[in-house]
Amino acid sequence: MPSLTRLAILDDYQGVARSLGPWDRLPKDIAIEVFRDTITDQDALAARLAPFDALLIMRERTPFPKSLLDRLPNLKLLITTGARNRSVDVAAATARGITVCGTPGFGNPTVDITWGLILSVLRHIPEQEAALRAGKWQVKLGTGLEGKTLGVIGLGNLGSRVAKVGAAFGMQILGWSQNLTAEKAAAAGATLAASKEALLEQADVVTLHVVLSDRSRGMIGAAELARMKRSAIIVNTSRGPLIDQAALIAALQEGRIAGAGIDVYDQEPLPANHPILSAPNTVLTPHLGYVTEESYRAYYLGAIEAIEAYLKGTPIRELRAE
């Protein structure tokens, strides 16, 4: 039967992994070590992880390309929180005999963050709150949602839920993606935009809900931002590289769009000197879309179930190369 001796839990930023999972279900002879930092240097990371035969990684915080997997001779089981992880070279892992498993999640908490960012940018909530604490009162005019147009790029599960909230606010909903049909858009309460460009030209709020791929990388660049209204805002809670960050920063600095709400970045964690941090009219959050207690409990329980199943010789929720 398969065996495991050492489990590393990576990137536990909040220090909650041990308290949010029933780890006492695992055999007592499996030593568990938790790491709260992210190592980007591959030499240092390989040295840290080489002794472990099982790893639990939090989403895409630490990528696992072939070059890293090849330096982990003891690794037998790699568990990623969530149902997929494009930062893991699953084909390379499989070739090395490493079992790769996912976990369930809980609900759609990214919808919450999307609307938190939209409201925060349009109503200047962080700025107004800071001004109030500084002894000031009503320092800016906000923009309301009712009667405005919400442009949703990607009307899948998340995008459709975001669209329905927009409709509840009294917004008109436009949807677009490369394979979206008028029927699917209507099912989400949206009208199919004639093109991505048409959506960008008409929307007061643009929000992205598409999977990062070679096809979608950089789908919002300088040309696309130039099509937006000067009064419009853009929100990204999907993946940072969907937007050309240099083009976004330039558009914000030059006042060519009214603002941006960003939860995801080209580099994470975001370095202290990153230019997006000084871009005007932004509300920035540190990739919080999935960061809820409910999600973490589901992740860690799923990870424990994956370890139990692996030890029985019947792995569950195995990931396959795409």
Side-chain angles (χ1 to χ4, degrees), residues 4-18 30-82 84-103 212-214 217-218 236 238-246 248-249 262-279 284-291 296 299-300 303 306-307 319 321-322:
L4 297 171
T5 60
R6 295 188 68 181
L7 167 67
I9 301 174
L10 274 56
D11 302 309
D12 181 20
Y13 294 159
Q14 297 90 4
V16 297
R18 294 304 298 264
I30 297 180
I32 301 175
E33 190 167 353
V34 178
F35 297 100
R36 297 189 59 180
D37 59 334
T38 295
I39 293 181
T40 57
D41 178 80
Q42 194 169 108
D43 290 339
L45 184 59
R48 169 181 280 185
L49 300 182
F52 294 93
D53 50 14
L55 301 175
L56 170 58
I57 65 175
M58 179 58 77
R59 302 293 291 261
E60 297 167 2
R61 291 176 182 175
T62 297
F64 278 79
K66 181 180 185 298
S67 57
L68 176 59
L69 292 166
D70 287 345
R71 300 172 68 177
L72 302 177
N74 295 313
L75 185 58
K76 301 176 183 176
L77 176 63
L78 174 61
I79 306 167
T80 176
T81 57
R84 63 184 175 190
N85 189 327
R86 292 176 181 270
S87 74
V88 174
D89 189 332
V90 178
T94 302
R96 291 192 60 85
I98 301 167
T99 300
V100 183
C101 298
T103 75
L212 179 64
S213 65
D214 291 339
R217 185 179 298 271
N236 187 10
S238 292
R239 289 296 182 269
L242 296 174
I243 301 179
D244 181 328
Q245 268 192 352
L248 174 62
I249 292 167
I262 306 296
D263 187 49
V264 288
Y265 308 90
D266 290 354
Q267 182 180 356
E268 297 180 4
L270 203 60
N273 60 351
H274 196 285
I276 192 70
L277 294 170
S278 57
L284 309 176
T285 49
H287 203 153
L288 298 179
Y290 60 94
V291 182
Y296 277 31
Y299 291 157
Y300 294 134
I307 294 170
L319 303 190
E322 296 182 2

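For the numbers below, each heavy atom of this structure counts, side chains included, while hydrogens, waters and symmetry mates do not.
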Less than 4.5 Å apart, any side-chain heavy atom of [X] and any of [Y]?
X      : Y      : value
Leu248 : Ile262 : yes
Ile98  : Phe64  : no
Gln267 : Thr40  : no
Arg6   : Asn74  : no
Ile39  : Thr62  : no
Asp37  : Arg48  : yes
Leu4   : Lys76  : yes

So, Tyr300 and Thr103: side-chain donor and acceptor under 3.5 Å apart, yes or no?
-> no

For the pair Asp12 (side chain) and Arg36 (backbone), establish whether a donor and an acceptor sit closer than 3.5 Å, ignoring hydrogens and angles.
-> no

What heavy-atom pair brings [X] and [Y] nearest, and what distance separates the two atoms?
X      : Y      : result
Leu72  : Arg96  : O-NH2, 4.5 Å
Thr38  : Asp11  : OG1-OD1, 2.7 Å
Ser238 : Val264 : O-CG1, 3.6 Å
Asp263 : Gly289 : OD2-N, 3.0 Å
Ala306 : Leu77  : O-CD2, 4.5 Å
Leu78  : Leu69  : CD2-CD2, 4.5 Å

At what distance, to the nearest 0.5 angstrom, does [atom1] of [X] lie from [atom2] of [Y]?
X      : Y      : atom1 : atom2 : answer
Ile57  : Leu49  : CD1   : CG    : 10.0 Å
Ile307 : Thr99  : CD1   : OG1   : 12.0 Å
Ile243 : Ile276 : CD1   : CD1   : 8.5 Å

On the 0 to 90° scale, with breaks at 30° and 60°, tag the Tyr299-Tyr290 ring pair as parallel, tilted or perpendicular.
-> tilted

Can you sort out the partners of Asp41 under salt bridge (charged side-chain N to carboxylate O under 4.0 Å, His left out), two or more places apart, ordered by chain and number?
-> none

Under the salt bridge (charged side-chain N to carboxylate O under 4.0 Å, His left out) rule, collect the residues that match up with Arg239, sequence neighbours excluded.
-> Glu60

Kindly determine whether Val100 and Asn85 satisfy side chain to side chain contact (heavy atoms under 4.5 Å, CB included), including the steps that lead there.
-> CA-CA 10 Å; Val100 183; Asn85 189 327; over 6 Å; no

Quick check: are there more than 12 heavy atoms from other residues, nucleotides or ligands sitting under 6.0 Å from CZ of Arg84?
-> no

Take Arg71 and Gln42 through the side chain to side chain contact (heavy atoms under 4.5 Å, CB included) test and state the conclusion after the steps.
-> CA-CA 10 Å; Arg71 300 172 68 177; Gln42 194 169 108; 3.9 Å; yes

Stepwise side chain to side chain contact (heavy atoms under 4.5 Å, CB included) check, Tyr13 with Met58 = CA-CA 10 Å; Tyr13 294 159; Met58 179 58 77; over 6 Å; no

